[in-house]
Undergrad: 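Here it is: the structure, laid out below.
If you read the sequence from its start, that first residue is 1, and numbering goes on from there.
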Amino acid sequence: VGSLVYTVIEAPHRGWLAKGRYGLIAVVVALLFVLRGFAIPHEKHYGYIEAARLITSNPALRHATVLVSSKTVGEGLLVSEMAMREPMPQDTILRATKVLARVDWVGTDYHSLFSTPAQLMNFLRQSGVGVVVLDTYPGENYFTHHDLLRRTIAQSSAFRRLAVFQP
């Protein structure tokens, strides 16, 4: 085995463009930013701020068991809004995708646990549900339990509408 010898070869010097490329990139990015305009993106509003405020501020609803059902991100939004208003939770929140159905994380494996309004009403009574938050925002998912809950509320005199919040 012989010795390995390397020589260091200097890269040829490039012109002013190579030396100032970072500055040139910064100027181009700044120009694009100015020309395209600056805007703060607006947060989508679904009505959960108002729903959480109603539930947490109404003394008649203290220590309520709340069922929330949504075809979109509404269940998590209500849980989050309630948690921000009640650092020491007084209410119990049931997510419909967890208690009315079995759904995997991506929503591909789905099974509704109830098939009739009578079965669902029996569950609501046994669980002590006092407040139902039903999201009517058109969602990307079709959940049988959500539609069954909507039909059950429409058919039963056991429910009284407290409020409607528009997105």
Undergrad: Walk me through whether L149 and L120 qualify under side chain to side chain contact (heavy atoms under 4.5 Å, CB included).
TA: CA-CA 7 Å; L149 181 59; L120 184 53; 3.8 Å; yes
Undergrad: In Å, rounded to the nearest 0.5 Å, how long is the span from OG of S115 to NE2 of H145?
TA: 14.0 Å
Undergrad: Decide whether M84 and M82 are clustered together by the hydrophobic rule: side chain heavy atoms of Ile, Leu, Val, Met, Phe, Trp, Tyr closer than 4.5 Å, transitively.
TA: no
Undergrad: Roughly how far apart are S112 OG and H146 NE2, rounded to 0.5 Å?
TA: 12.0 Å
Undergrad: Give me the atom names and distance for the closest heavy-atom approach of T72 to S70.
TA: N-OG, 2.9 Å
Undergrad: Of all the heavy-atom pairs spanning L61 and I55, show the shortest one and how long it is.
TA: CB-O, 3.8 Å
Undergrad: Verify the cluster assignment for V68 and L134: are they in a single hydrophobic cluster under the rule of side-chain heavy atoms below 4.5 Å apart?
TA: no
Undergrad: Is the shortest heavy-atom distance from the side chain of N122 to the side chain of Q126 under 4.5 Å?
TA: yes
Undergrad: Could you go step by step and tell me if L67 and V131 meet the side chain to side chain contact (heavy atoms under 4.5 Å, CB included) rule?
TA: CA-CA 6 Å; L67 173 67; V131 177; over 6 Å; no
Undergrad: State plainly whether one hydrophobic cluster holds both V73 and Y137, where clusters connect Ile, Leu, Val, Met, Phe, Trp and Tyr through side-chain heavy atoms under 4.5 angstrom apart.
TA: yes
Undergrad: Measuring from atom CZ of R53 to atom CD of E81, what distance do you get when rounded to the nearest 0.5 angstrom?
TA: 8.5 Å
Undergrad: Out of curiosity, does I93 fall in the hydrophobic cluster containing Y48 (side-chain heavy atoms, cut-off under 4.5 Å, transitive links)?
TA: yes
Undergrad: How many angstroms lie between atom CZ of F159 and atom CG of L124, to the nearest 0.5 angstrom?
TA: 5.0 Å
Undergrad: T152 versus F114: any side-chain heavy-atom pair under 4.5 Å?
TA: no
Undergrad: Going hydrophobic residue to hydrophobic residue with side-chain gaps under 4.5 angstrom, can you get from L100 over to M121?
TA: yes
Undergrad: Measure the shortest side-chain to side-chain distance between H63 and T92 over non-hydrogen atoms and say whether it is less than 4.5 angstrom.
TA: no
Undergrad: Return yes if some donor-acceptor pair links the side-chain N/O of S156 with the main-chain N/O of A158 below 3.5 Å, else return no.
TA: yes
Undergrad: Identify the two heavy atoms, one from L78 and one from A51, that lie closest to each other, and give their separation to 0.1 Å.
TA: CD1-CB, 4.3 Å
Undergrad: Any side-chain to backbone donor/acceptor pair from S80 onto G76? Under 3.5 Å, distance only.
TA: no
Undergrad: Would you sort out whether V133 and V66 count as a side chain to side chain contact (heavy atoms under 4.5 Å, CB included), showing the intermediate values?
TA: CA-CA 7 Å; V133 177; V66 180; 4.0 Å; yes
Undergrad: Measure the OG1-CG distance between T116 and L148 for me, rounded to the nearest 0.5 Å.
TA: 7.0 Å
Undergrad: Roughly how far apart are R102 CZ and D109 CG, rounded to 0.5 Å?
TA: 11.5 Å
Undergrad: I'd like to know if the side chain of Y110 and the backbone of T144 have a donor-acceptor N/O pair within less than 3.5 Å.
TA: yes
Undergrad: Begin with the C-alpha distance, continue with both residues' side-chain angles, and end with the deciding distance and a verdict on side chain to side chain contact (heavy atoms under 4.5 Å, CB included) for I49 and R85.
TA: CA-CA 10 Å; I49 294 169; R85 282 165 178 69; 3.2 Å; yes
Undergrad: Is there a donor-acceptor pair under 3.5 Å between the side chain of D135 and the backbone N or O of S69?
TA: no
